Amino acid sequence: MIVTRAHTKKVLAGTLALGGSDYISIQTMWKKPLTAVTPELLTGIEHLRQLGCELLRFAVPDIGTSEIFGALCSRTSMPLVADIHFDYRIALRVLDFPVAKLRINPGNIGAPWKVEEVVRKAKDKNVPIRIGVNHGSLPKNLSGEKNHSLAMVWAAEMEMEILHSLDFQNAVFSLKSSDLRTTVNANLLFAEKYDYPLHVGVTEAGPLIPGIVKNTLALNSLLSIGIGNTIRISLSDSEEHEIITCREVLGALGLRGGGITIVSCPKCGRTGFDTGEFLREISEDLYRLPGPLKVAIMGCAVNGPGEAKDADAGITGAGDKVILFKRGEIVKTTDRKNAREEFLSLLKEL
Ligand code: SF4
């Protein structure tokens with residue numbers, strides 16, 4: 001699929017460009033409270049980077065957390081976004097640190113002068129702001145509007161007016177709802193009128209399966225016509241699954257190449273190897289490998305190697321053994337308990 005991306009301004013979130021090109025970046029949000037900068041936290045961030053995370057957002061709910069967030073900004077090269085609600089003073093404090101981007105929800109920051117103070121300081125520090133409009137937290141004067149998508153665009157326009165009055169254009173917008181049609185329509189309406197980069201995704205999309213379905217459908221509607229510059233797939237699940245889903249969506253739409261392609265058998269009465277269990281053991285390792293690489297995880301020796309002969313590497317079960325193959329040729333038979341290690345070692349060779 002050849003997609004011409006809608007022209008947008010380019011905004012720099014730390015070292016990461018949002019908009020202004022065909023590149024669509026992947027982001028997620030840290031899911032635990034930020035209480036200290038620990039080695040585990042830094043390792044966790046690095047782990048997300050290896051999976052493909054390019055921008056990471058943290059909730060910063062109070063001034064105390066803003067100090068920890070500030071310290072974290074200096075300890076990682078991952079561009080970090082501070083997510084701030086209600087209290088504009090937190091945003092002002094965060095801007096004293098090397099934060100890559102601020103996310104504020106205009107519906108709950110309060111009086112326009114508070115937003116203005118944040119914007120002035122962000123301008124001074126050259127930090128972009130994402131105006132994140134959520135259908136669930138529209139400003140009071142718009143919450144009764146029947147056309148939800150339109151109300152979201154109006155909410156974005158109210159904030160845009162403040163930004164423009166301060167000659168601030170270093171902004172990304174998002175218009176999100178937990179309803180995919182409302183999300184898609186709001187983004188279509190916005191993109192028709194404005195050239196700000198868009199962060200797209202369905203918010204509060206639910207647990208893994210419904211969340212993936214809703215986000216994939218919404219992102220397909222937008223990305224396939226060139227709308228959307230950075231994506232987050234909100235799931236009631238792990239950051240890792242959000243990142244992997246983003247990668248799969250971009251790969252399936254032909255908007256990002258070079259990654260890992262996994263072919264795996266759905267299992268049937270012939271299955272001698274639990275492919276689902278093996279994939280749970282190994283999939284994060286697979287997504288950390290540099291691509292392009294096609295792997296096949298097959299359930300039986302009858303059809304497995306044949307069905308997966310165009311894969312770079314494959315594994316299939318045979319009793320309590322597994323067979324490893326490379327480009328359709330068997331290279332080794334080993335015990336099931338060694339399967340993960342041996343398969344990763346074969347992939348690393350490739
Ligand atoms: S690879 Fe084997 S176990 Fe898997 S679906 Fe095909 S025939 Fe069934």
Side-chain angles (χ1 to χ4, degrees), residues 1 26 47 50-52 205-220 224 233 235-350:
M1 178 168 53
I26 291 174
H47 174 79
Q50 288 169 3
L51 280 181
L208 193 64
I209 295 173
I212 289 175
V213 170
K214 280 192 230 171
N215 270 287
T216 303
L217 292 172
L219 290 174
N220 178 47
S224 59
I233 289 183
L235 301 172
S236 303
D237 208 287
S238 65
E239 295 95 331
E240 287 81 359
H241 282 163
E242 290 195 5
I243 296 293
I244 290 171
T245 310
C246 288
R247 284 180 57 172
E248 287 292 339
V249 168
L250 294 181
L253 287 172
L255 296 169
R256 181 84 74 95
I260 193 101
T261 302
I262 302 174
V263 176
S264 65
C265 101
K267 302 201 280 187
C268 73
R270 280 199 200 88
T271 307
F273 175 50
D274 190 336
T275 52
E277 181 189 66
F278 186 66
L279 277 162
R280 280 189 292 280
E281 277 174 35
I282 202 170
S283 64
E284 284 182 24
D285 295 304
L286 295 180
Y287 281 98
R288 277 202 288 270
L289 293 170
L293 204 56
K294 186 170 179 180
V295 302
I297 317 290
M298 308 309 283
C300 74
V302 180
N303 289 337
E307 287 173 1
K309 61 180 176 300
D310 61 338
D312 294 301
I315 184 165
T316 192
D320 56 355
K321 303 277 183 196
V322 290
I323 302 166
L324 307 186
F325 51 98
K326 187 161 89 176
R327 302 197 175 103
E329 300 295 324
I330 292 175
V331 291
K332 192 172 207 174
T333 300
T334 186
D335 291 340
R336 168 64 181 92
K337 65 179 168 34
N338 302 327
R340 178 173 174 273
E341 202 180 313
E342 296 269 9
F343 192 50
L344 283 175
S345 149
L346 172 64
L347 288 167
K348 280 173 190 158
E349 268 172 41
L350 284 165

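For this chain, numbers begin at 1 and follow the sequence in order. Scope of the values below: all heavy atoms of this structure, side chains included, with no hydrogens, waters or symmetry mates. Counting starts at 1 for both ligands and their atoms, following the listed order. Since we're looking at a predicted model, the values are computed, not measured.
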Exercise. Any Lys/Arg nitrogen of Lys321 or Glu342 sitting under 4.0 Å from an Asp/Glu carboxylate oxygen of the other?
Worked result: no

Problem set entry | Short N-O contact, Lys337 and Asp320, less than 4.0 angstrom | no

Minimum-distance protein heavy atom relative to [atom]:
atom: atom 8 (Fe) of ligand 1; result: Cys268 SG, 2.3 Å
atom: atom 6 (Fe) of ligand 1; result: Glu307 OE1, 3.3 Å
atom: atom 7 (S) of ligand 1; result: Asn303 ND2, 3.2 Å
atom: atom 4 (Fe) of ligand 1; result: Cys265 SG, 2.5 Å

For this session: Could you tell me whether a side-chain N or O of Thr275 sits under 3.5 Å from a main-chain N or O of Cys265, the two making a donor and an acceptor?
Result: yes

For this session: Return yes if some donor-acceptor pair links the side-chain N/O of Ser283 with the main-chain N/O of Arg280 below 3.5 Å, else return no.
Result: no

Exercise. Taking both backbone and side chain into account, is any N, O or S atom of Cys300 nearer than 2.8 Å to atom 2 (Fe) of ligand 1?
Worked result: yes

Exercise. Atoms of ligand 1 less than 4.0 Å from Arg270 heavy atoms?
Worked result: 7 (S)

Problem set entry | ligand 1 atoms in contact with Thr271 (distance to a heavy atom under 4.0 Å) | 3 (S)

Problem set entry | Test item: Glu242 and Ile26 side chains (from C-beta on) under 4.5 Å apart, heavy atoms | no

Exercise. Should His47 and Glu239 be marked as a side chain to side chain donor-acceptor pair (under 3.5 Å) after you check the CA-CA gap, both sets of side-chain angles, and the distance that decides it?
Worked result: CA-CA 10 Å; His47 174 79; Glu239 295 95 331; over 6 Å; no

